[in-house]
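The sequence lines fix the lettering, A, B, ..., with proteins before strands; numbering per chain opens at 1.
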Number of protein chains: 4
Amino acid sequence: MSPRPQPRIETSMGTLTVDTITVRGRNLVDDLMGNIDAASLFFLEVTGRLPEEAENKLLNAMIVAIAEHGMMPSVIAARLTIFGAPESFQGAVASGLLGAGDVFVGPTSNVARILQVEAAEFEGSPAEKAEKIVDKYQQQGRRIPGLGHPHHPVDPRSEKLLAMQRELGAPRAHTDLMLAIHKAACDRRGKHLTFNAVAAVGAIASDIGIDWRAVRGIGLVARTIGLIGHVFEELNRPSAQAIWNLVEENSDYSDPQGA
Amino acid sequence: MSPRPQPRIETSMGTLTVDTITVRGRNLVDDLMGNIDAASLFFLEVTGRLPEEAENKLLNAMIVAIAEHGMMPSVIAARLTIFGAPESFQGAVASGLLGAGDVFVGPTSNVARILQVEAAEFEGSPAEKAEKIVDKYQQQGRRIPGLGHPHHPVDPRSEKLLAMQRELGAPRAHTDLMLAIHKAACDRRGKHLTFNAVAAVGAIASDIGIDWRAVRGIGLVARTIGLIGHVFEELNRPSAQAIWNLVEENSDYSDPQGA
Amino acid sequence: MSPRPQPRIETSMGTLTVDTITVRGRNLVDDLMGNIDAASLFFLEVTGRLPEEAENKLLNAMIVAIAEHGMMPSVIAARLTIFGAPESFQGAVASGLLGAGDVFVGPTSNVARILQVEAAEFEGSPAEKAEKIVDKYQQQGRRIPGLGHPHHPVDPRSEKLLAMQRELGAPRAHTDLMLAIHKAACDRRGKHLTFNAVAAVGAIASDIGIDWRAVRGIGLVARTIGLIGHVFEELNRPSAQAIWNLVEENSDYSDPQGA
Amino acid sequence: MSPRPQPRIETSMGTLTVDTITVRGRNLVDDLMGNIDAASLFFLEVTGRLPEEAENKLLNAMIVAIAEHGMMPSVIAARLTIFGAPESFQGAVASGLLGAGDVFVGPTSNVARILQVEAAEFEGSPAEKAEKIVDKYQQQGRRIPGLGHPHHPVDPRSEKLLAMQRELGAPRAHTDLMLAIHKAACDRRGKHLTFNAVAAVGAIASDIGIDWRAVRGIGLVARTIGLIGHVFEELNRPSAQAIWNLVEENSDYSDPQGA
């Protein structure tokens, strides 16, 4: 085969030379280590700039809000995985992370998509845009993500995030639109819907400049932290055998139909 | 089957009630959100307490140090995964995380294990313990993790972390032991070995009270952040097709022997 | 908390008693081991019945058709993963499997969905239904999965599968519909489109009675087999370092815009 | 950077040209499709040759033996994963596969390693080698994999596999050695130990020529098949919410010590 031109790969994430590690245009050792926290690094990774103080505080609060809620499905999966594969801590974390999909974590990106992308289809004030978005979802028979909760009229995590945003004087155009959507949806449904943490994270993440597709990254960082905690606890105080027994004892087998 | 007592599952990670989310003994909304950063939450998850300021700074610096180094193997894997499965951001991150195993991230836990567990087998001063540990590894024909680098006599990330530790006046018993091990290993080998970032992270994480098995969690948080950045860049500026072409064009197929 | 009734879990997959392992209504040891092959077990798992001989032959041919194609993206990902985590063979296979998503493997389920679900929206002969399906996709601006190929007018794997189906005298209503869709799409586009392996697998799997959502399972079994082969070769003849070097040498870093 | 010679990647797995797909030295369409089953393809992938009939029968029986046992930990993990990420069938399968590690699937490779590698350290008849291997494990305080079962003196899957091997007149040097190891271990312990399916698979896989490191691939293929069945059932008859409820209701939270 005669030599063909090799395709080139373009990246702005980072690079190494003999002397220097560069991360997103910064010198890793001189500019970043000791000067920024983990959340700021996440912010730098997905926006290309460092967060201002209010952005950093809000981002950290969002990560903290959604990292740990006890024995959730992804945590149970990770505990069962380390039980079968104790040699692979990362495998257990990964198995839990794989459940951070369209049901629990993805909706934060869907909220952000409405605010960053779909809202641009419409004109008018936030209240007018909100009406049109609620119309559109109603016509398509789709639920607006971030609204509603099985048990709670108020999600205290949302209240806290919204209060922080106000106190910090942070930009809030996307949040105002999401609140207007919330109001329009409650009016339309004729009942109160919870403005839940998914709505707050999707909106505030949009206001601090995170692209809608990267918003679910907030949940992935948060879940990784929570999963590491649970996998480590599982190593010290195993529960997987008890979980397995519970499931077996509460399972009823029947032959497949027509078998 | 007559009802058997259900096995109970014990956890100290977190729990939900109708009104409250508890994370590691704290009220999530009142005590944690707005008060702690993501790294502190990681620390709380794996130690059960909140970090002091110096501990927090060192932990953040360690996460920042090992999160992003450009086109590394796990990053390439994640980019190839999102190429085939664009519907699953978390799947791409998980595929990259699966490579954070015994070669790159695991050794930080191995360093911490030497300092937290293996060192207790021996008595004496740090220098004496270090000699005995180096003896043991030499007799077993094993390399001590964290020492050596293909190109660099000095790892600037280690230098920075050690300097921060000194300036912050943080506890450093484990770090001193690791430095003594480093000295003993260099003397024994008759040549300079780099005290690399694996050694610094394993030692400093031990000094801030992170159990050796959880030390690799620092790398998992860091890699998750870096992987999210790369997967997001891949969505905006795809490289996977170019990577695939490169590998195909530089691959030579031969029939299996005896086929 | 007063005892609440435990939720029950219903399954027809399998169960263990002190004496017997039951798989889908069969005794594992007496009925299945020695009597059925791996593909028949897959068929039993997803349909609840054992395949007839023609169904078995077609299923095996489909698995063989899509398991191994050399240095594909998912294979490269798996090789890079075992490089970083040699302790976890299953982690490397899983990392490759994570790329078996909507781009390469999922489309077989999408073809089957058209044939099993979407076609029921329309009435008439296969040719008439085909016209209406092509209309619908055209109006929605969507490509019909399984049609087209960057290089080949004919996909020899499809030809082989279709020939086997004819020779075996197997049911072919779904395949006939897919061929009619192919004809209608070619006519509409005014050019020949390849009837590729995705189309053949989606159609023939439908004809042997596999639910459209389980059709992608054929690709997952196939890929698992191929991935195991590559991960094992990687252990014997490592390529990951060369892949990494290739990618690094062909990558161009630039600072992020506005950084 | 002046152009450097690109590293080359060597493979014997497969390759594509404009006209032909080659898999392990065979023409995929002409030689393999329609002629071999999925298990034979697995065999070809990891050995480079096609299995003889007895080898094929034994391999299929081993896959069938270990694929499906109802509500096992990896299956529960996969069900919880599809609950959170219904968009990713492959992610759920991968999350279950990640638990196929050192506890359940890996031991088949460990048995094979004893027979293929460790046994070569010793000389003498099978009975003599067996004694020395049992000595070695006893001195190292290690359990020999494949021996023992919590409830059953006899594993009917092992009995079936051994009977098939005899009836097929297949080679059995490794199996004879494993049976001798079993006898020696029972004598040494003064009690009967079950010769379980792990022992049978590790030994018979060795006798049909599968390298010990690839033996765990048999379990990975088997588990993939079983996991696909369970994930598909979960889509039709969801159990994840019930599993989650069960675990939550049977969990007791306590604050971390010293928190």
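With rounding to the nearest 0.5 Å, the separation of NZ in Lys160(C) from CG in Leu32(D) is 9.5 Å. Interatomic distance, Phe43(D) CZ to Ile225(C) CD1, rounded to the nearest 0.5 Å: 13.5 Å. Here the CD atom belonging to Gln90(D) is positioned 6.5 Å from the CG atom belonging to Leu220(C), to the nearest 0.5 angstrom. For the atom pair CG (Asn35(D)) and CG (Asn60(C)), the distance works out to 11.5 Å, reported to the nearest 0.5 Å. Taking CE of Met33(D) as the start and CD1 of Ile66(C) as the end, the distance is 9.5 Å to the nearest 0.5 Å. Within the model, atoms CD of Glu234(D) and CE of Met13(C) stand 11.0 Å from one another, a figure rounded to the nearest 0.5 Å.
Between chain C and the options Thr20(D), Leu44(D), Asn236(D), heavy-atom pairs under 4.5 Å are most frequent for Asn236(D). Ranked by heavy-atom pairs under 4.5 Å with chain C, the list Leu227(D), Leu41(D), Ile63(D) is led by Leu41(D). If you tally non-hydrogen atom pairs under 4.5 Å between each of His230(D), Lys57(D), Gln241(D) and chain C, the highest count goes to His230(D). Ranked by non-hydrogen atom pairs under 4.5 Å with chain D, the options Pro156(C), Ser109(C), Gly99(C) are led by Pro156(C). Considering only heavy-atom pairs separated by less than 4.5 Å from chain C, the leading option among Gly219(D), Gly226(D), Ala67(D) is Gly226(D). The candidate from Gly91(D), Ala39(D), Gly34(D) with the greatest count of non-hydrogen atom pairs under 4.5 Å with chain C is Gly34(D). Of the listed residues (Ala100(D), Ala61(D), Ser239(D), Gly96(D)), the greatest number of heavy-atom pairs within a distance under 4.5 Å of chain C belongs to Ala100(D).
In this structure, the portions of Ile36(D) lying under 4.5 Å from any heavy atom of chain C include both its backbone and its side chain. Both the backbone and the side chain of Val18(C) have a heavy atom closer than 4.5 Å to some heavy atom of chain D. For Thr47(C), no part lies near chain D; criterion is any non-hydrogen pair under 4.5 Å. If you measure heavy-atom distances from Arg213(C) to chain D, the contacts under 4.5 Å come from both the backbone and the side chain. Both the backbone and the side chain of Phe42(C) come within contact range of chain D, with heavy atoms under 4.5 Å apart. Both the backbone and the side chain of Thr11(C) come within less than 4.5 Å of a heavy atom in chain D.
Among all heavy-atom pairs drawn from Leu97(C) and Val93(D), the shortest one is CD2-CG1, 4.0 Å. Considering all non-hydrogen atoms of both residues, His69(C) and Ile21(D) come closest at CD2-CG2, 3.7 Å. Considering every non-hydrogen atom in both Leu246(C) and Ile9(D), the closest pair reads CD1-CD1, 3.7 Å. Arg8(D) approaches Ala242(C) most closely through the heavy-atom pair O-CB, 4.0 Å.
The closest side-chain heavy-atom distance from Thr224(C) to Arg223(D) is not below 4.5 Å. In this structure, the side chains of Arg24(D) and Glu68(C) stay at 4.5 Å or more apart for every pair of heavy atoms.
Under a cut-off of 6.0 angstrom, the local environment of CD in Glu52(D) is sparse, with at most 12 non-hydrogen atoms contributed by other residues, nucleotides or ligands.
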